[in-house]
2 protein chains.
Amino acid sequence: MFTAVSKKNLSDEIGDQIINKILSGVLSPGNKLPPERDLSLQMNVNRHTLREALRKLDTLGLLSIRQGDGIYIRDFRESGNLELLKHILYLRRDITSDIMKNILEIRRFISPEMAYRAAQNRSEEESEHLKSLLEQDLPVEEKDLAIHQSIARGSGNILYIFILNFFNNIFRDFGALYFSFKENQAASEKFHKNIVKAITEKNPESAKKIMNEILVYAENITLKYMENKYEEI
Amino acid sequence: MFTAVSKKNLSDEIGDQIINKILSGVLSPGNKLPPERDLSLQMNVNRHTLREALRKLDTLGLLSIRQGDGIYIRDFRESGNLELLKHILYLRRDITSDIMKNILEIRRFISPEMAYRAAQNRSEEESEHLKSLLEQDLPVEEKDLAIHQSIARGSGNILYIFILNFFNNIFRDFGALYFSFKENQAASEKFHKNIVKAITEKNPESAKKIMNEILVYAENITLKYMENKYEEI
DNA sequence: TTTGGTGTAATGGTTCAACCAATAATTGAA
DNA sequence: TTCAATTATTGGTTGAACCATTACACCAAA
């Protein structure tokens, strides 16, 4: 019904402000940022608070901080990471829709392959875990999350786990809306049954196909929701 | 000939220490970290220095920090991101090789698809850029990087750019070694010519195949280098 | 002219001490 | 027992000072 509000601390606000300046081109790659002392004065925050923000941007691949020298803007097209993309998604509302489509496209390409590998590589243990998940009496949304995670772990490739986290992170907000409709719940429950069967039976092609089908289904609905969401704004 | 050494500041050292504790299971998901004041005392660093480390771990998806409450360990299998994987790669030398193979596997799956999309979607501008890159007199290593980036940008999907950054980041060290051999240089130059041709001519299948071939070639060599590297240690 | 040393200023890194703000736990009144 | 007020705990922010590294200008030796 209601979605959580995110309370930001000063440091995050500062960070977002700087990210925006970089993404919008006000600050270009190679540019040197003013010294921390000046910048904190300009932004009217303490140097420590600013430094925490800068450290985050550094972790996102946006800055290059060098003691004794200064702080330089990096080209995020060369050094940015997926975590940054999440920020871009939220901060640049003008291209949010385009990025979402990009993410959906990649997900439809990757997740079926993940299911394929899981059907090949899943351990007996992971197989049992999947089956037990099916029978557990959980909210569909939670069950869905858990099954996808179990598939990622069963794939035998740790990258799928982190890539899946990225997708989940992005679509978290949509999940509540999506699963509020009975027909979507039914579709997911059917999907759960089928995908678990394919994976426990070690049928890669089937697993891939089943994953692809639910993604196509969910994509259409997600896009529809997104359009409505934009109309609200 | 020589590779850059990375000097770490205190804050990063603290961060690595905590990451290690989490990865090795000394700190489990859900566990509460000691208060910042206590922790900084235990680690014999100032609270601010510690806080910068914590903020980084937060960005990596390892911690959940809540004012007035405390700092909790998150399950990195649920909230970790690719940036964290990079740290895991360096900090957990016991599984470095396995993770590398995971990364190579995913790359071989994703990059050909990226090339495919680029051949479909590349703009006239990106096409020209690719061709001009071919003729520029650059070190092979730089040219290789630039061409891959151009392909990612030409794909029309911003995610490929960030995923490519991840790969580049991981294989940066190997690049210097790889391109120090004449035969590898020759292989790459041939690859550059062919992939640019396929993409400018809008031939997706060909682009995909060509990308796959160079990856297979480079993978074998990378794995060989890795084995040697481990023998050194 | 080039190379390497020296000193100085600029700039990020770290420390200390204090207070603010949000949360959780406790207490006590209804 | 319940709920509101109070208190203690804990992360967030501020200010000032000092440390460590780097860039730069300058100089001396080759």
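These values consider heavy atoms only, across backbone and side chains, with no hydrogens, waters or symmetry-generated copies. A, B, ... follow the sequence lines: proteins, then strands. Residue 1 opens every chain.
- Mapping Ser11(A) and Gly68(B) onto DNA chain D by nearest heavy atom places Gly68(B) closer to the 5' end of the strand.
- The phosphate of dT22(D) has OP1 or OP2 within less than 4.0 Å of a side-chain N or O from Lys7(B).
- Protein atom CD1 of Ile71(A) is 14 Å distant from nucleotide atom P of dA23(D), rounded to whole Å.
- At whole-Å resolution of the value, CG in Leu41(A) and P in dG12(C) are 14 Å apart.
- Atom CG in Asp69(A) sits about 21 Å away from atom P in dT8(C), given to the nearest Å.
- In the interface, the side chain of Asn9(A) is not paired with the base of dG12(D) through any donor and acceptor atom under 3.5 Å apart.
- For Arg47(A), whose side chain is taken as the heavy atoms from C-beta onward, the closest listed nucleotide among dG11(D), dA17(D), dA23(D) is dA17(D).
- Counting atom types as modelled, Arg51(A) pairs no side-chain N or O with a base atom of dG12(C) as donor and acceptor under 3.5 Å.
- One finds no side-chain N or O of Thr49(A) lying less than 4.0 angstrom from the OP1 or OP2 phosphate oxygen of dG12(D).
- Where Lys32(B) and Glu52(B) each meet DNA chain C at their nearest nucleotide, the meeting point lying more 5' is that of Glu52(B).
- Salt-bridge annotation for Lys131(A) and Glu128(A): present, with a side-chain N of the basic residue lying under 4.0 Å from a carboxylate O of the acidic one.
- Evaluation of atom-type donor-acceptor distances gives a pair under 3.5 Å for the side chain of Arg37(B) against the base of dG11(D).
- Taking the charged nitrogens against the carboxylate oxygens, Lys56(B) and Asp58(A) have no contact shorter than 4.0 Å, which rules out a salt bridge.
- In this pair, Phe76(A) and Phe162(B) present their aromatic rings parallel. The plane angle is below 30°, not in the 30 to 60° band.
- dG12(D) atom P lies 11 Å from atom CG of Leu50(B), rounded to whole Å.
- Between the side chain of His48(B) and the base of dT14(D), a donor-acceptor pair under 3.5 Å is found.
- Looking at which nucleotide of DNA chain D each of Asn44(A) and Ile65(B) is closest to, the 5′-most match is held by Ile65(B).
- When Leu89(A), Thr96(A), Ile95(A) are each tested for a side chain to side chain contact (heavy atoms under 4.5 Å, CB included) with Arg92(A), only one passes: Ile95(A).
- Salt bridge status for Lys8(B) with Glu13(B): absent, with no side-chain N to carboxylate O gap under 4.0 Å.
- Minimum atom distance to the side chain of Gln67(B) is reached by dG12(D), of the listed dT13(D), dG12(D), dG13(C).
- Of the candidates dC16(C), dT14(C), dA23(D), the closest approach to any side-chain atom of Arg66(A) belongs to dA23(D).
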